[in-house]
J.: 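Can you keep this structure in mind? I'll have questions shortly.
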Amino acid sequence: MTTVDTIINKHDNGLGFSSHTYNHNLVWKGSLDCVAFERTDIKTKLLALDKPCYVVKVAGKVGVTNDGYLAPSEHGVLGQLELLTSIAPIPSQQLGDPSFLSAYGVKYAYMTGAMAGGLASVAMVIALGRNKILSSFGAGGLTPDTIEAAINKIQQALPHSPYAFNLIHSPNDMAVERRAVDLYLRYGVKVVEASAFLDLTPNIVYYRVAGLSLNDANQIEIKNKVIAKISRREVASKFMQPAPPRILQELLEQGLITELQAKLAAKVPMADDITVEADSGGHTDNRPLVCLLPSMIALRDEIQAQYHYPQAIRIGAAGGIATPESALAAFMMGAAYVVTGSVNQACVESGACEHTKKLLAQAEMADVTMAPAGDMFEMGVKVQVLKRATMFPMRAQKLYELYRSYNSIEEIPLAEREKLEKQVFRKTIAEVWEGTAAYLSQKNPEKLGKAVNNPKLKMALIFRWYLGLSSRWSIGAEKGREVDYQIWCGPAMGSFNDWVRGSYLAEAHNRHVVDVADHIMTGAAFLYRIQSLKLQGMQIPDFYMQYRPVRS
């Protein structure tokens with residue numbers, strides 16, 4: 001049995017409390033045996049997030065318990081045990097906006113973002129969906145047949161569980177967007193994550209508006225939800241407002257939507273959720289989240305005041321979310337939900353090859369850089385990639401410099417062309433063009449026709465051959481091409497690796513997407529409890545403030 005004398009003889013646990021914040025109106029009642037005074041026992045009590053936490057002081061020692069109850073003090077009499085503060089249970093489900101949970105049928109205000117080329121794989125979406133966590137399939141860059149197969153597998157595995165599919169903007173081939181939208185509408189895909197959009201297109205508007213109807217209560221039902229991943233205010237503004245009348249008229253004339261749907265579209269925003277994408281892997285503007293997120297929330301508030309939507313658009317946070325600290329920071333800035341990306345690519349369920357996963361698991365925050373994007377090469381758009389153990393960023397940049405400096409392949413000095421053939425392409429330029437032409441003749445004959453009469457476009461298409469295949473080499477584990485792997489990755493990967501170092505998640509083969517999600521959200525809730533106690537006056541040593549993943 002615990003006595004006051006045994007407490008006095010305990011080792012110092014390091015806890016303290018600011019005397020001016022003592023609560024003299026309530027007392028804690030319970031057995032002294034359930035109060036922890038040892039460091040490890042206190043940490044266990046603090047980690048019991050589904051239980052309340054009481055901080056008491058007895059014989060000059062601060063202790064913590066999850067048991068007992070609070071009662072009014074009797075005429076100011078405190079006795080030998082003094083209540084310092086208390087804090088309610090803080091399960092991780094309470095972080096973020098509860099409407100996100102109800103809208104998507106999930107247990108956390110957390111989702112995993114799409115990574116193109118199937119890196120956000122069928123296995124990833126299913127594993128997370130079965131655990132009531134929203135995940136977006138990486139449909140970008142995949143053929144319609146592959147996307148269709150993925151839809152069938154995911155819908156069969158998750159008939160009543162959450163999932164989403166990515167719709168990536170394709171400015172150089174709008175038919176790609178349209179084919180994806182047609183598939184999503186045909187198979188009843190109810191959640192789309194729209195990414196890399198520079199403006200609204202008829203395709204994303206078609207998907208959104210085709211799901212509008214009135215229910216029996218004469219209320220608008222939005223069957224096709226859109227989560228738009230955006231890094232610029234001017235683009236976010238378009239998704240926060242109703243669909244443009246001009247595009248609605250085009251869709252009406254084509255018979256794709258009804259008059260009723262066009263009218264309803266004027267009363268709903270283009271997106272249910274806006275994911276604010278900060279410094280992320282792949283397409284990114286490298287914006288800092290602490291600046292971008294508050295700005296987007298303010299923009300949402302302005303537009304909400306104008307349109308008075310029944311459900312305000314939720315603003316989520318992506319880019320740099322990799323640890324409990326970063327997730328909690330986003331929630332504290334007002335994020336309705338958080339989105340992880342790069343960290344999931346190193347997980348078992350990812351579509352990346354084992355070599356790539358091992359490189360990602362070793363990456364540090366400085367091991368990333370910007371390189372020309374294959375899908376928007378001519379526009380000068382860049383993507384953030386891993387530079388560790390790969391020459392892709394340097395070689396891709398060289399291709400862009402040549403593109404900017406010359407108007408045709410023939411203008412490039414012979415010595416430079418020979419370097420390209422031997423070091424980068426490992427084929428003659430003629431062979432690269434032959435393969436490119438064969439591909440375009442099947443997929444985009446119109447562009448092939450333009451390239452034949454446009455030397456600059458032809459050069460771009462030849463260079464895009466390398467840029468396009470480099471990511472596929474990484475996904476498909478192309479032997480001998482490891483130094484040319486294009487691996488989309490943000491600094492969050494290094495942050496995650498720092499956090500899990502020394503734990504079971506340090507090894508790539510131990511990383512599972514559900515585990516990662518659970519630990520990030522549980523850790524964020526734990527840190528919220530710690531910070532709340534500190535704000536109430538509790539002095540807490542670093543030992544208690546660290547959350548490290550432990551295998552369950």
J.: Tyr307 and Gln241: side-chain hydrogen bond (donor to acceptor under 3.5 Å, both in side chains), yes or no, with the steps?
T.: CA-CA 8 Å; Tyr307 289 98; Gln241 297 181 69; 3.0 Å; yes
J.: Pairing donors with acceptors under 3.5 angstrom, does anything connect the side chains of Glu302 and Gln306?
T.: no
J.: Measure from the side-chain N and O atoms of Asp484 to the backbone N and O of Ser470, and report whether any donor-acceptor pair falls under 3.5 Å.
T.: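 Not at all, since once roles are kept as given, no pair shorter than 3.5 Å links the two residues.
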J.: Evaluate the side-chain proximity of Ile520 to Val338: yes if any heavy-atom separation is below 4.5 Å, no if none is.
T.: no
J.: Might you point out which heavy atoms bring Val226 and Ala194 nearest each other, and give the distance in Å?
T.: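 Where Val226 meets Ala194 most closely, the heavy atoms are CG1-CB, 4.3 Å.
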J.: Report yes or no: do Thr340 and Tyr110 form a side-chain donor-acceptor pair below 3.5 Å?
T.: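 Side-chain D/A pair, Thr340 to Tyr110: present.
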J.: About how many Å separate CD1 of Ile409 and NZ of Lys458, when rounded to the nearest 0.5 Å?
T.: 8.0 Å
J.: Determine, for Tyr108 and Lys132, whether the Lys NZ or Arg CZ falls below 6.0 Å from the six-membered ring centre while staying within 45 degrees of the axis.
T.: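 Because its charged atom misses either the 6.0 Å distance or the 45° angle limit, Lys132 does not stack over Tyr108.
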J.: Just checking Trp465 against Tyr439, ring centres under 6.0 Å apart?
T.: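 No; Tyr439 has its ring centre 6.0 Å or more from that of Trp465.
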J.: Under 4.0 Å between a Lys/Arg side-chain N and an Asp/Glu carboxylate O for Asp273 and Lys225?
T.: no
J.: Can the ring centres of Phe377 and Tyr400 be said to be less than 6.0 Å apart?
T.: yes
J.: Are Trp433 and Glu431 close enough that a side-chain donor and a side-chain acceptor fall under 3.5 Å?
T.: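 Absent: no donor and acceptor within the cut-off.
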J.: Using only atom types and a distance under 3.5 Å, with no angle test, would you say the side chain of Ser350 pairs donor to acceptor with the backbone of Ala346?
T.: no
J.: Are the side chains of Ile220 and Val268 in touch, meaning some heavy atoms are under 4.5 Å apart?
T.: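 They are in side-chain contact.
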J.: Output yes when Lys107 and Asp518 qualify as a salt bridge under the 4.0 Å nitrogen-oxygen rule, no when they do not.
T.: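 Yes, Lys107 and Asp518 are salt-bridged.
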J.: Might you work through the ring-ring contact (aromatic ring centres under 6.0 Å, His included) test for Phe100 and Tyr337, ending with a clear yes or no?
T.: CA-CA 7 Å; Phe100 183 88; Tyr337 59 97; 4.5 Å; yes
J.: Report the C-alpha distance between Leu248 and Val209 in whole Å, list the side-chain angles of each, state the deciding distance to 0.1 Å, and finish with yes or no for side chain to side chain contact (heavy atoms under 4.5 Å, CB included).
T.: CA-CA 9 Å; Leu248 292 174; Val209 178; 3.8 Å; yes
J.: Using atom types as modelled and distance alone, determine if a side-chain donor or acceptor of Tyr466 lies under 3.5 Å from a backbone N or O of Arg395.
T.: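 Looks like no, no N/O pair under 3.5 Å.
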J.: Would you mind checking if Glu349 and Arg511 are paired as a salt bridge, meaning a charged N to carboxylate O distance below 4.0 Å?
T.: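 Salt bridge: no.
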J.: Would you call Lys223 and Glu221 a salt bridge, using N to O less than 4.0 angstrom?
T.: yes
J.: Using only atom types and a distance under 3.5 Å, with no angle test, would you say the side chain of Tyr207 pairs donor to acceptor with the backbone of Asp182?
T.: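 No, the answer is negative, given that no donor and acceptor are paired below the 3.5 Å cut-off.
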J.: Would you tell me whether Glu482 and His355 have side-chain atoms, one donor and one acceptor, within less than 3.5 Å of each other?
T.: no
J.: Check whether any side-chain heavy atom of Ile230 sits under 4.5 Å from a side-chain heavy atom of Val276, and report yes or no.
T.: no
J.: Would you find more than 12 non-hydrogen atoms of other residues, nucleotides or ligands less than 6.0 Å from Lys427 atom NZ?
T.: no
J.: Salt bridge check: are Glu277 and Arg287 linked by an N-O gap of less than 4.0 Å?
T.: no
J.: Between Asp199 and Lys238, does any side-chain N to carboxylate O distance fall below 4.0 Å?
T.: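 Looking at Lys238 together with Asp199, the answer is yes, because their closest N to O distance falls below 4.0 Å.
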J.: Around atom CZ of Arg186, are there more than 12 heavy atoms of other residues, nucleotides or ligands at under 6.0 Å?
T.: yes
J.: Is Arg246 salt-bridged to Glu250, going by a charged N under 4.0 Å from an acidic O?
T.: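 Glu250 and Arg246: salt-bridged.
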J.: Rounded to the nearest 0.5 Å, how far apart are NZ of Lys229 and CG of Leu167?
T.: 12.0 Å
J.: Does the pair Thr143 and Thr146 meet the rule for a side-chain hydrogen bond (donor to acceptor under 3.5 Å, both in side chains), with working shown?
T.: CA-CA 5 Å; Thr143 65; Thr146 303; 2.8 Å; yes
J.: Please check if any side-chain donor atom of Arg314 sits under 3.5 Å from a side-chain acceptor atom of Ser99, or the reverse.
T.: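 Checked: Arg314/Ser99 side chains pair up, N/O donor to acceptor below 3.5 Å.
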J.: Please check this pair: side chain of Gln261 against backbone of Ala210, looking for a donor-acceptor N/O pair closer than 3.5 Å.
T.: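 Judged by distance alone, yes, a pair lies under 3.5 Å.
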J.: How about Asn166 and Ser195: does a side-chain donor come under 3.5 Å of a side-chain acceptor?
T.: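 Note: Asn166 and Ser195 side chains meet the donor-acceptor criterion.
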J.: So, Asn218 side chain and Leu214 main chain: donor-acceptor pair closer than 3.5 Å or not?
T.: no
J.: Report yes or no: does Gln254 contribute a side-chain atom to a donor-acceptor pair with the main-chain N or O of Leu251 at less than 3.5 Å?
T.: no
J.: Do Ser471 and Ser474 pair up side chain to side chain, a donor and an acceptor below 3.5 Å, judged on atom types alone?
T.: no
J.: Which of parallel (below 30°), tilted (30 to 60°) and perpendicular (above 60°) describes Phe165 and Tyr163?
T.: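 If you compare the ring of Phe165 with that of Tyr163, the planes turn out perpendicular.
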J.: Between Gln345 (side chain) and Met115 (backbone), is there a donor-acceptor pair under 3.5 Å?
T.: no
J.: Please confirm whether the backbone N or O of Cys347 pairs with a side-chain atom of Lys357, one donor and one acceptor, at under 3.5 Å?
T.: yes
J.: What verdict does the side-chain hydrogen bond (donor to acceptor under 3.5 Å, both in side chains) test give for Gln311 and Asp272, after you've listed the backbone C-alpha separation in whole Å, the side-chain angles of each residue and the deciding distance to 0.1 Å?
T.: CA-CA 8 Å; Gln311 170 62 58; Asp272 303 273; over 6 Å; no
J.: Taking the basic N atoms (NZ, or NE/NH1/NH2) and the acidic carboxylate oxygens, is any pair closer than 4.0 Å for Glu478 and Arg472?
T.: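 No, no charged N to carboxylate O under 4.0 Å.
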